[in-house]
Amino acid sequence: MTEGRNAEGANNIAEAPEAVVEEQTAVQLVYRPQSADALAGLQVRGRIKRTGLLRGVFLALWAGQWLFSTVGRGSIDVVSTVLFLFVALVMWGYPRLQASQVQRIIGWQGEYRATVSPAGITCHTDHSTLVQKWSVFQGYRETAGHFVLLSRDPNIMCLDVLPKRGVREAGDLDRLRAVLDQHTSRV
């Protein structure tokens with residue numbers, strides 16, 4: 001901000017051009033986090049890290065073990081079948097269980113007010129404020145209902161999930177996409 005005096009001698013505060021540009025390009029999102037938001041972020045992380053492939057191989061090994069034991073005996077073994085179904089259920093349910101745990105951790109904070117600007121992402125709740133610069137992120141991926149930002153560390157331990165339902169106007173989605181494209185890459 002720059003200060004000056006007008007003709008009457010009173011202080012006149014004018015905004016610097018950078019602040020005006022940042023205000024115009026900043027996008028506000030207001031939302032309450034849901035378990036589906038965390039699940040979308042975890043699924044994107046899994047696709048990037050290819051953990052789904054590892055889970056698929058693990059499940060295929062269990063299916064092979066079950067099939068060979070069934071063919072070898074000539075009948076279906078109840079214990080092998082129950083174990084196989086349990087493993088399949090765990091493989092399907094684990095990301096959902098993680099998303100539920102994330103929701104427990106962050107859901108109590110209530111409404112989130114996120115501002116995405118050229119300076120980074122600022123997220124306010126009634127209990128906390130988090131400011132992240134663009135250098136924290138390796139990139140983002142857009143899904144049908146979310147923008148998922150991924151941290152730069154090799155294990156992608158930090159995810160920022162911005163639900164599209166949080167924008168106020170339809171044009172804000174295009175502005176949000178433009179800010180993200182300008183400051184980080186799509187992965």
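Within the structure, the salt bridge (charged side-chain N to carboxylate O under 4.0 Å, His left out) test picks out no pair touching residues 127-137 (sequence neighbours left out). The list of salt bridge (charged side-chain N to carboxylate O under 4.0 Å, His left out) pairs with a residue in residues 77-94, not counting sequence neighbours, reads Arg73-Asp77. Within the structure, no pair that satisfies the ring-ring contact (aromatic ring centres under 6.0 Å, His included) test touches residues 152-175, not counting sequence neighbours. Screening residues 146-187 for ring-ring contact (aromatic ring centres under 6.0 Å, His included), with sequence neighbours left out, gives Trp134-His183. Every pair passing salt bridge (charged side-chain N to carboxylate O under 4.0 Å, His left out) that includes a residue from residues 160-174 is listed here, sequence neighbours excluded: Asp37-Arg165, Glu142-Lys164, Asp172-Arg175, Asp174-Arg177.
At least one donor-acceptor pair closer than 3.5 Å links the side chain of Ser151 to the backbone N or O of Cys158.
Across Ser100 and Ser35, no two heavy atoms sit closer than the pair N-OG, 3.8 Å. Contact between Met91 and Leu59 at its shortest, heavy atoms only, is CG-CD1, 4.3 Å. Of all the heavy atoms in Pro33 and Gln103, the pair that sits closest is O-NE2, 3.1 Å. The two residues Gly110 and Arg32 come nearest to each other via the heavy atoms CA-NH1, 3.1 Å.
Atom CG in Leu162 sits 6.0 Å away from atom CG in Leu176 (nearest 0.5 Å). Residue Leu67 holds its CG atom at 9.5 Å from CZ of Phe84, rounded to the nearest 0.5 Å. Rounded to the nearest 0.5 angstrom, Leu150 CG and Arg45 CZ are separated by 9.5 Å.
Residues satisfying the ring-ring contact (aromatic ring centres under 6.0 Å, His included) test with Tyr112, not counting sequence neighbours, are Tyr31. Qualifying side-chain hydrogen bond (donor to acceptor under 3.5 Å, both in side chains) partners for Thr184, counting only residues two or more places apart in sequence or in other chains: none. Applying the side-chain hydrogen bond (donor to acceptor under 3.5 Å, both in side chains) test to Trp66 and every residue at least two apart in sequence or in another chain returns Thr81. In this view, Thr115 and Gln28 satisfy the side-chain hydrogen bond (donor to acceptor under 3.5 Å, both in side chains) rule, not counting sequence neighbours. Under the side-chain hydrogen bond (donor to acceptor under 3.5 Å, both in side chains) criterion, Asp126 pairs with no residue at all, not counting sequence neighbours.
Through direct or indirect side-chain contacts shorter than 4.5 Å among Ile, Leu, Val, Met, Phe, Trp and Tyr, Trp108 is connected to no other residue. Residue Tyr94 is found outside any hydrophobic cluster, as its side-chain heavy atoms come under 4.5 Å of no other Ile, Leu, Val, Met, Phe, Trp or Tyr.
A side-chain donor-acceptor contact under 3.5 Å links Thr125 and Gln109.
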Worked verdict on Gln132 versus Cys123 for side-chain contact (heavy atoms from CB on, under 4.5 Å): CA-CA 9 Å; Gln132 294 174 305; Cys123 189; over 6 Å; no
